[in-house]
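Residues take their numbers from the sequence shown, with the count starting at 1.
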Amino acid sequence: QLQASGGGLVQAGGSLRLSCAASGSISSIYLMGWYRQAPGKQRELVATITSGGNLNYADSVKGRFTISRDNAKTTVYLQMNSLKPEDTAVYYCNTKTLFSSYWGQGTLVTVSS
């Protein structure tokens, strides 16, 4: 129901753009976001955007990452600039509705030094 794409291998200082599209079966979305999980670490919040357009970022990505969505509010993007090796992780998109929370399959981002 959530299809994520855009991960890959990039050198430090480079950029990647992640996308995550919610299927039509998901309605009443009030929050979309990105989380990441590095090897041996817990999953952590990267950025979220509410249906009203409020943004929230982890301190570690402020000023480098930008979350956005399309006009239909069914696709969320994560523009990642100035990537660092510590950004290496599996990135998961998440969508919350009034009744459920949905997770995408994860997309691997690897930043080489």
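Distance check, rounded to the nearest 0.5 Å: CG of D70 to OG1 of T75 gives 4.0 Å. Of the inter-residue distances, the one linking L16 atom CG with L78 atom CG reads 9.5 Å to the nearest 0.5 angstrom. Considering CG of L55 and OG1 of T66, their distance stands at 9.0 Å, rounded to 0.5 Å. To the nearest 0.5 Å, atoms OG (S113) and NZ (K84) are separated by 14.0 Å. Taking OH of Y30 as the reference point, atom CD1 of I49 lies at 14.5 Å (rounded to 0.5 Å).
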Output side-chain donor-acceptor pairs under 3.5 Å for residues 56-64, partner residues at least two apart or in another chain, one line each.
unit_1	atom_1	unit_2	atom_2	d
Y57	OH	I67	N	2.9
D59	OD1	K62	NZ	3.1
S60	OG	R36	NH2	3.3
R64	NH1	S82	O	3.0
R64	NH1	D87	OD2	2.7
R64	NH2	S60	O	2.8
R64	NH2	D87	OD1	3.0
R64	NH2	D87	OD2	3.4

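Scanning all heavy atoms of the two residues, the minimum distance from G53 to R69 falls at N-NH2, 3.7 Å. S19 approaches W34 most closely through the heavy-atom pair O-CH2, 3.6 Å. When all heavy atoms of L45 and Y35 are compared, the pair lying nearest together is CA-CD2, 3.4 Å. Heavy-atom minimum distance, Q37 versus K41: NE2-O, 3.1 Å. T74 and M32 make their closest contact through O-CE, 3.7 Å (heavy atoms, listed as atom of the first residue, atom of the second, distance). Shown here for S101 and N94, the closest heavy-atom pair between the two residues is OG-ND2, 2.9 Å.
I29 and L31 end up in different hydrophobic clusters when Ile, Leu, Val, Met, Phe, Trp and Tyr side chains are linked at under 4.5 Å. When hydrophobic clusters are built by joining Ile, Leu, Val, Met, Phe, Trp and Tyr residues whose side-chain heavy atoms come closer than 4.5 Å, directly or via intermediates, V46 is not grouped with V90. Residues W103 and V109 fall into different hydrophobic clusters, defined by Ile, Leu, Val, Met, Phe, Trp and Tyr side chains chained together at heavy-atom separations under 4.5 Å.
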Inset, instruction - Check step by step if side-chain contact (heavy atoms from CB on, under 4.5 Å) holds for L2 and Y92. - result: CA-CA 10 Å; L2 290 180; Y92 297 91; over 6 Å; no
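Taking the six-membered ring where tryptophan is involved, the planes of Y91 and F65 are tilted, since the angle between them lies from 30° to 60°.
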